[in-house]
Trainee: 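Here's a structure for you.
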Amino acid sequence: MTSIAVCPGSFDPITYGHLDIITRGAKVFDQIYVVVLNNSSKKPLFSVEERIELIRESTKDIPNVVVDSFQGLLVDYAKSVKASAIIRGLRAVSDFEYEMQITSMNRVLEEDIETFFIMTNNQYSFLSSSIVKEVAKYGGNISELVPAPVKNALKEKYTVSE
Ligand code: PNS
């Protein structure tokens, strides 16, 4: 039986922290669907199409990764691709409450889909898309934080908008 997992997120934009989770998840599951979903509490900088393209470029060397987007509930997407698992990264204790809330809600919605957490590599425990955007906005060096295509895209965004 093929093991299929979904790795969901806003990915606005993808960082080395996300990539670490995707790479490690891809060693455990036969197929990983990295899916861009809407987080109603966030206002994204990049369009869904831009985020997908940046994830594709950043994951092109991982053969068992498929990149996609979905408007709707994560569990509905997971069912549509026959995934039995959801993968999320956990950076610090501060992530725990939010993750517990969405995991519990997803289990209420679909009890047969299990969520697995991967502890973020220590070197990325401080990293988030928001902090990367903040640094990029004010011209800081983000080379160690995001893949090169993301760095270029952020440079372009902030140059164009200024
Ligand atoms: O990267 P994020 O913003 O922490 O990811 C959160 C995300 C997009 C996975 C979450 O908001 C989500 O699953 N959105 C889709 C709508 C949904 O299924 N909501 C019910 C679970 S709370």
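Every number for a ligand or one of its atoms is a count from 1 in the order of the listing.
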Trainee: Does some non-hydrogen atom of R88 fall short of 4.0 Å from ligand 1?
Mentor: yes
Trainee: How close does the nearest protein non-hydrogen atom get to atom 19 (N) of ligand 1, and which residue and atom is it?
Mentor: L73 CD2, 3.9 Å
Trainee: Please check: side-chain N/O of N106 versus main-chain N/O of L74, any donor-acceptor pairing under 3.5 Å?
Mentor: no
Trainee: Name the closest protein heavy atom to atom 12 (C) of ligand 1, giving the residue it belongs to and the distance to 0.1 Å.
Mentor: N38 O, 4.3 Å
Trainee: Tell me whether Y98 reaches ligand 1 (any heavy atom closer than 4.0 angstrom to a ligand atom).
Mentor: yes
Trainee: Which atom names give the shortest non-hydrogen contact between G25 and I87, and what distance separates them?
Mentor: CA-CD1, 3.9 Å
Trainee: Could you tell me, atom by atom, which parts of ligand 1 come under 4.0 Å of a heavy atom of K42?
Mentor: 1 (O), 2 (P), 3 (O), 4 (O)
Trainee: What are the two closest heavy atoms between P13 and L54, and how far apart are they?
Mentor: CB-CD1, 4.3 Å
Trainee: Distance under 4.0 Å to a non-hydrogen atom of I102: what atoms of ligand 1 satisfy this?
Mentor: 22 (S)
Trainee: Is L109 in polar range of ligand 1, meaning some N or O pair under 3.5 Å apart?
Mentor: no
Trainee: Would you say the side chains of S143 and N141 form a donor-acceptor pair under 3.5 Å?
Mentor: yes
Trainee: Looking only at heavy atoms of G72, does any of them come nearer than 4.0 Å to an atom of ligand 1?
Mentor: yes
Trainee: Does D12 form a side-chain hydrogen bond (donor to acceptor under 3.5 Å, both in side chains) with S10? I'd like the steps, not just the answer.
Mentor: CA-CA 5 Å; D12 184 48; S10 307; over 6 Å; no
Trainee: Out of all atoms in ligand 1, which are within 4.0 Å of some heavy atom of L74? Include the element for each.
Mentor: 13 (O), 17 (C), 18 (O)
Trainee: Identify the protein heavy atom lying closest to atom 3 (O) of ligand 1, giving its residue, its atom name and the separation to 0.1 Å.
Mentor: S10 OG, 2.5 Å
Trainee: Report the part of Q101 in contact with ligand 1, treating N, CA, C, O as backbone and CB onward as side chain, heavy atoms under 4.0 Å; options are side chain, backbone, both, neither.
Mentor: neither
Trainee: Check the angle between the aromatic planes of Y77 and F70 and answer parallel, tilted or perpendicular using the 30° and 60° thresholds.
Mentor: tilted
Trainee: Identify the closest protein heavy atom to atom 8 (C) of ligand 1: which residue and atom is it, and at what distance?
Mentor: L37 CB, 3.7 Å
Trainee: If I compare all heavy atoms of G89 with all of E99, which pair ends up nearest, and what's the gap?
Mentor: O-OE2, 4.4 Å
Trainee: Check S125 against R91 and note the closest heavy-atom contact, atom names and distance.
Mentor: O-CB, 3.6 Å
Trainee: Do any non-hydrogen protein atoms sit less than 4.0 Å from atom 21 (C) of ligand 1?
Mentor: yes
Trainee: Looking at Y16 and L127, what are the two nearest heavy atoms and their distance?
Mentor: N-CD2, 4.2 Å
